[in-house]
Amino acid sequence: MRAALYYGRQDLRLTSVPDPEAGPGDVKLRVLYNGICGSDLLEYFDGPVTTRDTPHPLTGVQNPVIMGHELCGEVVALGAGIEDLAVGTLVAVEPVETCGRCLHCGLGQYNHCPTLAIQGYNRAGGLAEYTVVKRRMTHPLPPGVSALQGALIEPLAIAWHTVNRCAVSAGQVVAIHGAGPIGAGAFLTLKRRGVEAIVVDPSPTRRAALAGLGARTVLDPNACDVVAAIRDLTGGRGADASIDAAGGAKAFAAMLHGTRVDGTAVVVAIHHEPVVIPPFDLLMPEVRLTGVALSVNAFPAVIAEMARGSYPLAGWVETIPFDGVIEQGIERLRRQEGMKIVVDVAGGAGERRPGERA
Ligand SMILES: [Zn+2]
Ligand SMILES: [Zn+2]
(Lines give C-alpha, C1' and ligand atoms only; values in the text may rest on other atoms or scores of the structure.)
(Ligands and ions follow the chains in the order given, each with its own letter.)
Protein backbone atom coordinates (compact mmCIF):
# COMPACT_ATOMS: atom_id res chain seq x y z
CA MET A 1 0.00 0.00 0.00
CA ARG A 2 1.03 3.64 -0.37
CA ALA A 3 2.25 5.37 2.76
CA ALA A 4 4.08 8.52 3.89
CA LEU A 5 7.02 7.25 5.89
CA TYR A 6 8.95 9.55 8.26
CA TYR A 7 12.66 8.72 8.42
CA GLY A 8 13.87 11.86 10.18
CA ARG A 9 14.18 15.61 9.80
CA GLN A 10 12.90 16.79 6.40
CA ASP A 11 12.84 13.19 5.23
CA LEU A 12 9.26 12.07 4.58
CA ARG A 13 9.02 9.51 1.78
CA LEU A 14 5.94 8.55 -0.20
CA THR A 15 6.59 4.90 -0.70
CA SER A 16 5.08 1.43 -0.78
CA VAL A 17 4.88 -0.75 2.33
CA PRO A 18 3.13 -4.06 3.13
CA ASP A 19 -0.55 -3.83 4.15
CA PRO A 20 -1.05 -4.12 7.93
CA GLU A 21 -3.06 -7.01 9.38
CA ALA A 22 -5.58 -6.74 12.23
CA GLY A 23 -4.44 -8.77 15.24
CA PRO A 24 -6.63 -9.66 18.23
CA GLY A 25 -8.43 -6.55 19.52
CA ASP A 26 -7.49 -4.58 16.42
CA VAL A 27 -9.57 -2.81 13.81
CA LYS A 28 -8.27 -2.41 10.27
CA LEU A 29 -9.32 0.79 8.53
CA ARG A 30 -9.20 2.03 5.00
CA VAL A 31 -8.06 5.61 5.60
CA LEU A 32 -10.24 8.21 3.87
CA TYR A 33 -8.88 11.52 5.17
CA ASN A 34 -5.92 12.51 7.33
CA GLY A 35 -5.27 16.08 8.47
CA ILE A 36 -1.84 17.70 8.77
CA CYS A 37 -1.11 19.26 12.14
CA GLY A 38 1.33 21.75 13.68
CA SER A 39 2.96 18.86 15.52
CA ASP A 40 3.66 17.22 12.13
CA LEU A 41 5.48 20.39 11.09
CA LEU A 42 7.52 20.29 14.29
CA GLU A 43 8.44 16.66 13.63
CA TYR A 44 9.26 17.32 9.98
CA PHE A 45 11.34 20.47 10.41
CA ASP A 46 12.78 20.04 13.92
CA GLY A 47 12.37 16.33 14.68
CA PRO A 48 12.66 13.68 15.74
CA VAL A 49 10.63 15.06 18.66
CA THR A 50 7.77 12.62 19.26
CA THR A 51 9.00 9.82 16.99
CA ARG A 52 11.86 7.67 18.21
CA ASP A 53 15.05 6.16 16.88
CA THR A 54 14.73 3.43 19.54
CA PRO A 55 11.70 1.15 20.04
CA HIS A 56 8.71 2.73 21.82
CA PRO A 57 8.15 0.94 25.17
CA LEU A 58 4.49 0.19 24.45
CA THR A 59 4.46 -0.47 20.70
CA GLY A 60 8.07 -1.24 19.81
CA VAL A 61 7.73 1.18 16.87
CA GLN A 62 10.69 3.31 15.84
CA ASN A 63 11.57 5.35 12.76
CA PRO A 64 10.80 5.04 9.95
CA VAL A 65 7.13 5.37 10.91
CA ILE A 66 4.00 6.19 8.90
CA MET A 67 2.91 9.71 9.88
CA GLY A 68 -0.64 10.98 10.41
CA HIS A 69 -2.79 11.21 13.53
CA GLU A 70 -5.92 13.14 12.45
CA LEU A 71 -7.80 10.49 10.57
CA CYS A 72 -11.11 9.10 9.57
CA GLY A 73 -11.47 5.67 8.04
CA GLU A 74 -13.86 2.94 7.11
CA VAL A 75 -13.69 -0.38 8.94
CA VAL A 76 -12.54 -3.08 6.51
CA ALA A 77 -11.54 -5.91 8.86
CA LEU A 78 -11.91 -6.84 12.51
CA GLY A 79 -9.38 -8.72 14.61
CA ALA A 80 -10.36 -11.60 16.87
CA GLY A 81 -12.59 -10.61 19.77
CA ILE A 82 -14.17 -7.48 18.25
CA GLU A 83 -17.93 -7.95 18.17
CA ASP A 84 -19.29 -4.44 18.73
CA LEU A 85 -18.20 -2.86 15.46
CA ALA A 86 -19.28 -3.69 11.90
CA VAL A 87 -17.29 -3.71 8.68
CA GLY A 88 -18.21 -0.59 6.69
CA THR A 89 -18.60 1.66 9.76
CA LEU A 90 -17.07 5.12 9.45
CA VAL A 91 -14.90 5.96 12.46
CA ALA A 92 -12.81 8.83 13.78
CA VAL A 93 -9.59 7.66 15.39
CA GLU A 94 -8.48 8.88 18.81
CA PRO A 95 -4.78 8.58 18.08
CA VAL A 96 -3.49 7.35 21.42
CA GLU A 97 -2.68 3.88 22.65
CA THR A 98 -2.18 3.71 26.41
CA CYS A 99 -0.96 1.07 28.87
CA GLY A 100 -4.27 0.82 30.76
CA ARG A 101 -2.42 -0.14 33.95
CA CYS A 102 -0.62 2.95 35.30
CA LEU A 103 -1.80 5.46 37.91
CA HIS A 104 -3.04 7.94 35.29
CA CYS A 105 -4.82 5.31 33.20
CA GLY A 106 -6.48 4.11 36.41
CA LEU A 107 -7.68 7.63 37.19
CA GLY A 108 -9.09 8.11 33.69
CA GLN A 109 -6.35 10.60 32.83
CA TYR A 110 -5.10 8.40 30.01
CA ASN A 111 -3.69 11.46 28.22
CA HIS A 112 -0.99 11.47 30.94
CA CYS A 113 -0.05 7.79 30.57
CA PRO A 114 3.78 7.75 30.71
CA THR A 115 3.98 5.13 27.96
CA LEU A 116 1.34 6.74 25.76
CA ALA A 117 1.95 5.96 22.09
CA ILE A 118 0.65 8.41 19.51
CA GLN A 119 -0.65 7.18 16.17
CA GLY A 120 1.53 8.60 13.42
CA TYR A 121 4.59 8.94 15.69
CA ASN A 122 4.85 5.87 17.93
CA ARG A 123 2.61 3.54 15.95
CA ALA A 124 1.82 3.44 12.23
CA GLY A 125 -0.33 6.44 11.29
CA GLY A 126 -3.04 7.54 8.91
CA LEU A 127 -1.03 8.77 5.92
CA ALA A 128 -1.44 5.35 4.33
CA GLU A 129 -4.11 3.46 2.45
CA TYR A 130 -4.76 1.26 5.48
CA THR A 131 -4.05 1.48 9.18
CA VAL A 132 -4.66 -0.75 12.18
CA VAL A 133 -5.87 0.68 15.49
CA LYS A 134 -7.11 -0.68 18.81
CA ARG A 135 -10.89 -0.92 19.16
CA ARG A 136 -10.89 1.64 21.98
CA MET A 137 -9.19 4.15 19.66
CA THR A 138 -12.17 4.09 17.27
CA HIS A 139 -15.22 6.33 17.61
CA PRO A 140 -18.04 5.45 15.19
CA LEU A 141 -19.56 8.45 13.41
CA PRO A 142 -23.34 8.90 13.37
CA PRO A 143 -25.24 9.19 10.07
CA GLY A 144 -24.85 12.64 8.58
CA VAL A 145 -21.26 13.14 9.73
CA SER A 146 -19.00 12.88 6.68
CA ALA A 147 -15.56 11.31 6.41
CA LEU A 148 -13.97 14.76 6.03
CA GLN A 149 -15.74 15.96 9.18
CA GLY A 150 -14.52 12.76 10.84
CA ALA A 151 -10.89 13.71 10.16
CA LEU A 152 -11.44 16.98 12.06
CA ILE A 153 -12.63 15.36 15.27
CA GLU A 154 -9.08 14.97 16.61
CA PRO A 155 -7.97 18.62 16.34
CA LEU A 156 -11.43 19.71 17.52
CA ALA A 157 -11.03 17.42 20.54
CA ILE A 158 -7.78 19.26 21.36
CA ALA A 159 -9.67 22.55 21.02
CA TRP A 160 -12.48 21.16 23.22
CA HIS A 161 -10.00 20.15 25.92
CA THR A 162 -8.30 23.56 25.60
CA VAL A 163 -11.62 25.27 26.29
CA ASN A 164 -12.21 22.95 29.26
CA ARG A 165 -8.80 23.99 30.61
CA CYS A 166 -9.94 27.64 30.44
CA ALA A 167 -12.52 26.87 33.16
CA VAL A 168 -14.96 29.54 31.97
CA SER A 169 -18.73 29.65 31.74
CA ALA A 170 -21.36 31.36 29.59
CA GLY A 171 -21.08 35.14 29.54
CA GLN A 172 -17.36 35.21 30.33
CA VAL A 173 -14.67 36.34 27.88
CA VAL A 174 -11.77 34.34 26.43
CA ALA A 175 -8.97 35.84 24.32
CA ILE A 176 -7.71 33.47 21.62
CA HIS A 177 -4.21 34.32 20.42
CA GLY A 178 -3.70 32.51 17.11
CA ALA A 179 -6.50 31.77 14.65
CA GLY A 180 -5.18 28.56 13.12
CA PRO A 181 -7.21 25.34 13.26
CA ILE A 182 -6.99 25.01 17.06
CA GLY A 183 -7.90 28.68 17.51
CA ALA A 184 -10.83 28.24 15.12
CA GLY A 185 -11.94 25.08 16.92
CA ALA A 186 -11.67 26.81 20.29
CA PHE A 187 -13.69 29.75 18.95
CA LEU A 188 -16.49 27.48 17.70
CA THR A 189 -16.49 25.57 21.00
CA LEU A 190 -16.67 28.78 23.05
CA LYS A 191 -19.42 30.11 20.80
CA ARG A 192 -21.43 26.94 21.33
CA ARG A 193 -21.04 27.38 25.10
CA GLY A 194 -22.11 31.03 25.08
CA VAL A 195 -18.65 32.37 25.94
CA GLU A 196 -17.51 35.60 24.27
CA ALA A 197 -14.27 35.39 22.29
CA ILE A 198 -11.69 37.98 21.32
CA VAL A 199 -9.64 36.57 18.45
CA VAL A 200 -6.11 37.84 17.72
CA ASP A 201 -4.07 36.94 14.62
CA PRO A 202 -1.67 38.84 12.34
CA SER A 203 -2.87 37.00 9.21
CA PRO A 204 -5.67 38.78 7.30
CA THR A 205 -6.73 35.41 5.84
CA ARG A 206 -7.12 33.85 9.26
CA ARG A 207 -8.89 36.90 10.69
CA ALA A 208 -11.32 36.80 7.76
CA ALA A 209 -11.88 33.06 8.27
CA LEU A 210 -12.74 33.57 11.94
CA ALA A 211 -14.99 36.52 11.15
CA GLY A 212 -16.71 34.24 8.63
CA LEU A 213 -17.29 31.70 11.40
CA GLY A 214 -19.00 34.38 13.47
CA ALA A 215 -16.22 36.00 15.52
CA ARG A 216 -17.36 39.52 16.39
CA THR A 217 -14.09 40.83 17.80
CA VAL A 218 -11.02 40.08 15.70
CA LEU A 219 -7.78 41.99 16.35
CA ASP A 220 -4.61 42.45 14.30
CA PRO A 221 -1.67 42.42 16.75
CA ASN A 222 0.41 44.42 14.26
CA ALA A 223 -2.16 47.20 14.11
CA CYS A 224 -3.01 47.69 17.79
CA ASP A 225 -1.77 47.21 21.34
CA VAL A 226 -3.47 43.86 21.92
CA VAL A 227 -3.32 43.91 25.72
CA ALA A 228 -4.72 47.45 25.87
CA ALA A 229 -7.45 46.49 23.39
CA ILE A 230 -8.43 43.41 25.43
CA ARG A 231 -8.59 45.53 28.58
CA ASP A 232 -10.73 48.12 26.78
CA LEU A 233 -13.10 45.38 25.64
CA THR A 234 -13.43 43.92 29.15
CA GLY A 235 -14.03 47.03 31.23
CA GLY A 236 -10.35 47.25 32.16
CA ARG A 237 -10.22 43.78 33.73
CA GLY A 238 -8.69 41.57 31.06
CA ALA A 239 -10.01 38.29 29.68
CA ASP A 240 -11.30 35.66 32.11
CA ALA A 241 -9.05 33.20 30.30
CA SER A 242 -6.61 33.39 27.40
CA ILE A 243 -5.38 30.78 24.97
CA ASP A 244 -1.98 30.76 23.28
CA ALA A 245 -2.74 28.93 20.05
CA ALA A 246 -0.09 30.90 18.15
CA GLY A 247 3.27 29.77 19.45
CA GLY A 248 5.45 32.88 19.50
CA ALA A 249 6.93 35.00 22.30
CA LYS A 250 4.75 37.99 21.40
CA ALA A 251 1.52 36.00 21.51
CA PHE A 252 2.60 34.30 24.72
CA ALA A 253 3.20 37.67 26.40
CA ALA A 254 -0.13 39.02 25.14
CA MET A 255 -1.85 35.91 26.49
CA LEU A 256 -0.33 36.37 29.92
CA HIS A 257 -0.80 40.14 30.19
CA GLY A 258 -4.27 40.19 28.66
CA THR A 259 -5.63 37.81 31.32
CA ARG A 260 -7.48 39.23 34.32
CA VAL A 261 -6.41 38.85 37.95
CA ASP A 262 -6.95 35.23 39.04
CA GLY A 263 -7.72 34.28 35.44
CA THR A 264 -6.36 31.33 33.47
CA ALA A 265 -3.75 31.33 30.70
CA VAL A 266 -3.69 28.14 28.62
CA VAL A 267 -0.85 27.17 26.28
CA VAL A 268 -1.85 24.80 23.48
CA ALA A 269 0.52 26.08 20.78
CA ILE A 270 3.73 24.31 19.90
CA HIS A 271 6.61 26.71 20.49
CA HIS A 272 9.78 26.22 18.49
CA GLU A 273 11.79 28.45 20.85
CA PRO A 274 11.77 28.84 24.66
CA VAL A 275 9.87 31.80 26.14
CA VAL A 276 11.14 33.90 29.05
CA ILE A 277 8.50 34.61 31.71
CA PRO A 278 9.30 37.18 34.41
CA PRO A 279 7.91 35.36 37.50
CA PHE A 280 6.63 38.72 38.75
CA ASP A 281 4.13 38.66 35.85
CA LEU A 282 2.53 35.62 37.48
CA LEU A 283 3.04 36.73 41.07
CA MET A 284 1.00 39.89 41.32
CA PRO A 285 -1.85 39.07 38.87
CA GLU A 286 -2.17 35.56 40.37
CA VAL A 287 -2.77 34.24 36.85
CA ARG A 288 -2.92 30.45 36.51
CA LEU A 289 -0.65 29.30 33.72
CA THR A 290 -1.40 25.83 32.39
CA GLY A 291 -1.18 23.57 29.36
CA VAL A 292 -3.15 21.09 27.30
CA ALA A 293 -2.15 17.42 27.04
CA LEU A 294 -3.89 16.23 23.88
CA SER A 295 -7.49 15.57 24.94
CA VAL A 296 -9.27 13.25 27.33
CA ASN A 297 -12.76 11.79 26.92
CA ALA A 298 -13.58 14.54 24.41
CA PHE A 299 -14.26 12.54 21.23
CA PRO A 300 -17.89 11.53 21.94
CA ALA A 301 -18.87 15.11 22.84
CA VAL A 302 -17.11 16.59 19.81
CA ILE A 303 -18.70 14.03 17.47
CA ALA A 304 -22.13 14.91 18.90
CA GLU A 305 -21.43 18.63 18.37
CA MET A 306 -20.26 17.92 14.82
CA ALA A 307 -23.51 16.05 14.14
CA ARG A 308 -25.57 19.00 15.37
CA GLY A 309 -23.69 21.44 13.14
CA SER A 310 -21.54 23.28 15.68
CA TYR A 311 -18.42 23.02 13.52
CA PRO A 312 -18.93 24.46 10.02
CA LEU A 313 -15.90 23.74 7.82
CA ALA A 314 -16.34 26.58 5.31
CA GLY A 315 -13.43 28.97 5.04
CA TRP A 316 -10.85 27.09 7.08
CA VAL A 317 -10.68 23.48 5.85
CA GLU A 318 -9.30 22.35 2.48
CA THR A 319 -8.26 19.01 0.99
CA ILE A 320 -5.17 18.08 -1.01
CA PRO A 321 -4.20 14.88 -2.84
CA PHE A 322 -1.94 12.29 -1.19
CA ASP A 323 0.93 13.13 -3.57
CA GLY A 324 0.83 16.74 -2.37
CA VAL A 325 1.46 16.01 1.31
CA ILE A 326 4.84 17.78 1.39
CA GLU A 327 4.54 20.59 -1.19
CA GLN A 328 0.82 21.37 -0.86
CA GLY A 329 0.60 20.45 2.80
CA ILE A 330 3.62 20.72 5.07
CA GLU A 331 5.48 23.37 3.04
CA ARG A 332 2.41 25.61 2.68
CA LEU A 333 1.55 25.36 6.37
CA ARG A 334 5.15 26.34 7.14
CA ARG A 335 4.53 29.53 5.13
CA GLN A 336 1.28 30.06 7.09
CA GLU A 337 -0.77 29.45 3.95
CA GLY A 338 -4.09 27.75 4.45
CA MET A 339 -5.48 26.72 7.82
CA LYS A 340 -6.52 23.10 8.19
CA ILE A 341 -5.14 21.06 5.32
CA VAL A 342 -6.52 17.54 5.07
CA VAL A 343 -5.01 14.87 2.84
CA ASP A 344 -7.56 13.06 0.68
CA VAL A 345 -5.87 9.70 1.21
CA ALA A 346 -8.40 7.61 -0.72
CA GLY A 347 -8.58 9.81 -3.83
CA GLY A 348 -12.14 11.05 -3.33
CA ALA A 349 -13.58 7.76 -2.05
CA GLY A 350 -14.42 9.49 1.23
CA GLU A 351 -16.84 11.80 -0.57
CA ARG A 352 -18.46 8.98 -2.48
CA ARG A 353 -19.69 6.99 0.49
CA PRO A 354 -23.43 6.59 -0.08
CA GLY A 355 -25.89 8.27 2.24
CA GLU A 356 -23.49 10.86 3.57
CA ARG A 357 -22.93 14.44 2.68
CA ALA A 358 -19.41 15.48 1.85
ZN1 LIG B 1 -2.51 17.11 15.72
ZN1 LIG C 1 -1.04 4.19 31.38
Side-chain angles (χ1 to χ4, degrees), residues 4 6 12 25 31 33-51 56-59 65-73 92-127 131 133-134 136-137 139 148-163 178 180-186 189 243-247 267-272 291-299 302 311 316-317 325 329-330 333-334 338-343 345:
Y6 176 85
L12 183 68
V31 180
Y33 289 101
N34 186 101
I36 303 174
C37 171
S39 60
D40 295 325
L41 266 67
L42 181 74
E43 201 70 26
Y44 183 78
F45 289 107
D46 299 331
V49 175
T50 310
T51 64
H56 187 276
L58 190 62
T59 61
V65 63
I66 299 170
M67 283 191 97
H69 62 273
E70 300 182 358
L71 63 141
C72 175
V93 171
E94 183 164 6
V96 293
E97 181 180 349
T98 52
C99 80
R101 295 182 304 272
C102 71
L103 171 70
H104 294 292
C105 283
L107 290 170
Q109 305 164 331
Y110 59 87
N111 55 328
H112 293 294
C113 175
T115 50
L116 176 135
I118 303 180
Q119 180 97 356
Y121 297 115
N122 315 123
R123 64 198 317 288
L127 283 170
T131 193
V133 297
K134 298 292 177 195
R136 65 177 177 275
M137 296 166 68
H139 295 271
L148 180 58
Q149 288 174 315
L152 291 160
I153 302 300
E154 196 275 344
L156 290 170
I158 307 270
W160 181 272
H161 189 48
T162 302
V163 168
I182 297 295
T189 305
I243 296 168
D244 171 12
V267 183
V268 64
I270 298 199
H271 283 249
H272 292 250
V292 178
L294 308 169
S295 69
V296 60
N297 300 321
F299 270 63
V302 172
Y311 296 114
W316 67 286
V317 178
V325 61
I330 290 171
L333 286 172
R334 171 78 151 187
M339 284 180 61
K340 177 49 75 181
I341 297 179
V342 180
V343 179
V345 177

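Each ligand, and each atom within it, is numbered from 1 in the order the structure gives. When reading the values below, keep in mind they use all heavy atoms of this one structure, side chains included, and skip hydrogens, waters and symmetry mates. Numbering of residues begins at 1 and proceeds along the displayed sequence.
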Check your understanding: Got Q119 and V133 here, is their nearest side-chain heavy-atom distance under 4.5 Å?
Key -> yes

Review point. Please state the angle at the Zn ion (ligand 2) spanned by SG of C105 and SG of C113: what is it, rounded to 10 degrees?
Key: 110°

Exercise for review: Spell out, as yes or no, whether a donor-acceptor pair under 3.5 Å connects the side chain of D244 to the backbone of G247.
Suggested key: yes

Review point. Hey, is there an N, O or S on H104 sitting under 2.8 Å from the Zn ion (ligand 2)?
Key: no

Check your understanding: Are K340 and E70 within salt-bridge range, i.e. N to O under 4.0 Å?
Key -> yes

Exercise for review: Can you tell me, to 10 degrees, how wide the angle at the Zn ion (ligand 1) is between OE2 on E70 and NE2 on H69?
Suggested key: 100°

Exercise for review: Identify the two heavy atoms, one from V296 and one from G108, that lie closest to each other, and give their separation to 0.1 Å.
Suggested key: CG2-O, 3.4 Å

